[in-house]
Enquirer: 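Here it is, the structure in full.
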Amino acid sequence: MLRESLEPWCAAGVTGALRILDPPGGVVYVVDGRVAYAETPVASGVERLLTASGRLPADAWRAAVTAGRAQHRIGPELVDAGLVTQAELEALGVIALYDAAFFLFDLVVAAHFEHRARHPVGHLRTLDLRTVCQEVDRRKRLLADAWPDAAIDTAAVLPQRRLRSQCVALTALQWEVVANADRRRSPIDLARLLGRDTFTVMLEVRRMARTGLVEPGRPGGSAAAESVATVRARAAAGVPATATATAQPGRHAKPVAGPAPGPPPEPPGEPRPHVPLPRRAVRQEPDRRTELAGTLDTRVPEQILTRLIAGLGAL
């Protein structure tokens, strides 16, 4: 599994990126032996959490990418402009990391480790590999307890036309899911559309299915949903990937504390903008952002950041 492939690199305390070569694809970034970030096409990264949710204009993100991608400073560019705080950026990095790890860590896929590769967003909060694995396992248990059939994650969300009672209470996220369900979008598709982390949307859909508010329809038609469904079906059938062992450079087959660095990776392409469907207006606070632009202190109080990270466990 991918988590086992990461263990020797984390134990060696190296910095680099483990790139997944098989579907659904993705990258896990390691800094000094600690997991710094992870991304995959089937999960919402920092970009979508900021832009698709309406928290940050897409133009502002693209400007930060243009200014800071080459120096791995996309995040600092946003912070320096007063558009986000360092605490918010690090919290979103953890959310995106856990979201991608949920889909990637238990895969049996071919992968390639690139030494010294770094994510262009820049410095984010790093986590111990064991901590990330424990969170992945916790999320799997939560989903199974809410609704045991994982097929609902890749099936279209169908709101029930006839409810069991005349009064139904929905959370803000559940309302967004129901309002944007078009009988084609799966929970994975809805998460990307709304700029939410995929796990939270899947969990809310499973909870609504348990209470009879929604039901699974046909398998989702998006590439992301089909990719997850294909990978899960292959794993259930016991069919291995094209190469089950981690693909590593020959002289680094067994990483040591000081492996020789390889060539730096090419920077990833600029993500394509995505225009979400109309949804509830997002409250804008221009005056507050203007104030932050001149007085922002990028140092994050440990107490604030700890509360933000701890809040993820309450989902």
Enquirer: Check Asp182 with Arg184, please: is the shortest side-chain N to carboxylate O separation under 4.0 Å?
Expert: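 Here Arg184 pairs with Asp182 in a salt bridge, since their nearest N and O are under 4.0 Å apart.
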
Enquirer: Considering all heavy atoms of both residues, which atom of Pro24 and which atom of Val231 are nearest to each other, and what is their separation?
Expert: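 In this case the closest contact between Pro24 and Val231 is CD-CG2, 3.7 Å.
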
Enquirer: Search all heavy atoms of Ile188 against all heavy atoms of Asp153 and return the closest pair with its distance.
Expert: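 So the two residues come closest at CG1-O, 3.7 Å.
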
Enquirer: Would you indicate whether the side-chain heavy atoms of Leu50 and Leu92 approach each other to under 4.5 Å?
Expert: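 Side-chain contact under 4.5 Å: yes.
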
Enquirer: Listed by chain and number, what are the ring pair (Phe, Tyr, Trp, His ring centres under 6.0 Å) partners of Phe105, not counting sequence neighbours?
Expert: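 Checked Phe105 against ring pair (Phe, Tyr, Trp, His ring centres under 6.0 Å); zero matches.
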
Enquirer: Is the closest side-chain heavy-atom distance between Trp9 and Val28 below 4.5 Å?
Expert: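 Side-chain contact under 4.5 Å: no.
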
Enquirer: With side-chain contact (heavy atoms from CB on, under 4.5 Å) as the test, pick out the partner of Met1 among Leu104, Val108, Val109.
Expert: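 In the set Leu104, Val108, Val109, the residue that makes a side-chain contact (heavy atoms from CB on, under 4.5 Å) with Met1 is Val108.
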
Enquirer: Mind checking what makes salt bridge (Lys or Arg N to Asp or Glu O under 4.0 Å) contact with Arg210, not counting sequence neighbours?
Expert: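 For Arg210, no residue satisfies salt bridge (Lys or Arg N to Asp or Glu O under 4.0 Å) once neighbours in sequence are set aside.
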
Enquirer: Below 4.0 angstrom, N of the basic side chain to O of the carboxylate: do Arg139 and Glu135 qualify?
Expert: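 Salt bridge present between Arg139 and Glu135.
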
Enquirer: If you take all heavy atoms of Ala181 and Val157, which pair is closest and at what distance?
Expert: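 Heavy-atom minimum between the residues: CB-O, 3.6 Å.
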
Enquirer: For Asp99, which residues count as a salt bridge (Lys or Arg N to Asp or Glu O under 4.0 Å) partner, sequence neighbours excluded?
Expert: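 Result, salt bridge (Lys or Arg N to Asp or Glu O under 4.0 Å) vs Asp99: none returned.
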
Enquirer: Determine the sole option in Ile95, Thr200, Asp197, Thr198 for which the side-chain contact (heavy atoms from CB on, under 4.5 Å) test with Ser44 is passed.
Expert: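 The single option meeting the side-chain contact (heavy atoms from CB on, under 4.5 Å) with Ser44 is Thr198.
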
Enquirer: Taking Asp32's backbone N and O only, do any of them form a donor-acceptor pair with Thr15's side chain (distance below 3.5 Å, no angle check)?
Expert: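 It does hold such a pair.
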
